[in-house]
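A quick write-up on the structure given underneath.
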Amino acid sequence: MSIRFLAAGSVRLLAALGCAGALAAGCTAPGPGPAGTQFDGSYQGESRLVRGFGFVCEPPSSQDAVTVKDGRFDYTFVDSLARPAPIPVRIGADGTFSGQIQYGTDSTSRWAQMIVVWAMVRGRINGTALEATVTDYRCTRDLTLQRH
């Protein structure tokens with residue numbers, strides 16, 4: 001896939017992809033069935049930076065919140081070089097969840113100006129606690145949220 005249409009120095013969201021659109025990327029078979037409404041509610045808490053630094057990963061620690069409805073939520077992916085974009089997340093009946101999007105960003109290689117990378121959310125809801133890891137090309141965050 002050519003990404004020449006992207007302007008140098010900019011980062012743009014390319015597509016929100018599920019396993020159906022990303023089989024070549026190594027997706028696995030879907031996990032347990034959907035959660036339904038058992039985990040629905042508003043979760044709030046801390047987002048802590050565990051990998052990365054500088055202006056692309058800031059702030060190091062901040063408040064975060066998600067609202068689960070019908071076993072799904074959108075996590076707002078923020079990269080200081082890109083516009084905020086939702087990562088669609090589906091929760092399984094066992095409380096595990098995952099979601100991912102693919103986006104283009106500046107390359108650190110001298111051979112390419114732009115590269116296509118993933119932002120991923122993985123985690124689990126156990127009782128009233130939502131714990132997740134959000135990983136992108138430059139940063140990793142741990143979320144610890146409680147249902148209110």
Side-chain angles (χ1 to χ4, degrees), residues 1-35 39-40 42-126 129-146:
M1 165 194 276
S2 173
I3 56 172
R4 292 176 192 232
F5 66 92
L6 294 174
S10 70
V11 176
R12 296 192 182 140
L13 176 69
L14 294 179
L17 298 174
C19 286
L23 290 175
C27 286
T28 59
F39 300 110
D40 285 8
S42 177
Y43 294 80
Q44 298 176 347
E46 184 181 16
S47 171
R48 189 173 55 88
L49 184 65
V50 294
R51 179 185 62 86
F53 61 91
F55 72 98
V56 295
C57 297
E58 288 183 29
S61 182
S62 64
Q63 287 293 108
D64 212 337
V66 297
T67 300
V68 175
K69 183 172 175 21
D70 297 326
R72 304 179 65 88
F73 67 91
D74 286 337
Y75 180 80
T76 303
F77 168 63
V78 179
D79 178 312
S80 68
L81 302 175
R83 284 182 264 151
I87 299 177
V89 178
R90 181 179 153 251
I91 304 168
D94 66 352
T96 59
F97 57 82
S98 65
Q100 60 191 17
I101 58 171
Q102 196 171 31
Y103 67 102
T105 189
D106 293 329
S107 172
T108 57
S109 166
R110 66 180 187 186
W111 294 284
Q113 290 182 342
M114 299 293 290
I115 57 173
V116 177
V117 294
W118 291 92
M120 297 177 273
V121 177
R122 304 276 185 267
R124 181 179 179 92
I125 298 175
N126 189 8
L130 182 153
E131 294 185 352
T133 300
V134 180
T135 305
D136 66 63
Y137 180 61
R138 295 179 178 91
C139 315
T140 300
R141 295 192 155 281
D142 281 343
L143 304 179
T144 305
L145 311 178
Q146 291 292 321

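In this text the structure is predicted, and so the values were computed from the model without any measurement.
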The side-chain contact (heavy atoms from CB on, under 4.5 Å) partners of Thr135 (sequence neighbours excluded) come to Arg51, Thr133, Thr140
For Leu49, which residues count as a side-chain contact (heavy atoms from CB on, under 4.5 Å) partner, sequence neighbours excluded?
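Partners of Leu49 under the side-chain contact (heavy atoms from CB on, under 4.5 Å) test: Cys57, Cys139, Arg141.
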Euclidean distance, [Y] [atom2] relative to [X] [atom1], rounded to 0.5 Å:
X: Leu143; Y: Gln44; atom1: CG; atom2: CD; value: 13.0 Å
X: Phe97; Y: Glu131; atom1: CZ; atom2: CD; value: 9.0 Å
X: Ile91; Y: Leu130; atom1: CD1; atom2: CG; value: 7.0 Å

Is the backbone of Gly71 close enough, under 3.5 Å, to the side chain of Asp40 for a donor and an acceptor to pair up by distance?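 Side chain of Asp40 to backbone of Gly71: a pair is present.
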Which pair of non-hydrogen atoms, one from [X] and one from [Y], has the smallest distance, and what is that distance?
X: Tyr75; Y: Asp64; value: OH-OD2, 3.1 Å
X: Pro88; Y: Pro86; value: CD-O, 3.6 Å
X: Val89; Y: Asp74; value: N-OD1, 4.5 Å

- Message: Determine whether Phe77 and Tyr103 satisfy the following criterion, ring-ring contact (aromatic ring centres under 6.0 Å, His included), listing intermediate values before the conclusion.
- Response: CA-CA 11 Å; Phe77 168 63; Tyr103 67 102; 5.1 Å; yes
task = Could you tell me if the ring centre of Tyr43 sits under 6.0 Å from that of Phe73?
result =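 Here the rings of Phe73 and Tyr43 have centres that are no less than 6.0 Å from each other.
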Can you sort out the partners of [X] under side chain to side chain donor-acceptor pair (under 3.5 Å), two or more places apart, ordered by chain and number?
X: Glu46; result: Ser61
X: Arg122; result: Gln100
X: Gln146; result: Thr128

Under the rule for salt bridge (charged side-chain N to carboxylate O under 4.0 Å, His left out), what residues qualify as partners of Asp142, not counting sequence neighbours?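 Here the qualifying residues are Arg48.
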Q: Find out whether Leu145 and Ser47 are in side-chain contact, i.e. whether some heavy atom of one side chain is under 4.5 Å from a heavy atom of the other.
A: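 No, too far: nothing below the 4.5 Å cut-off.
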Check: Within a strict 4.5 Å, meaning less than it, do heavy atoms of the Arg90 and Pro34 side chains meet?
Finding: yes
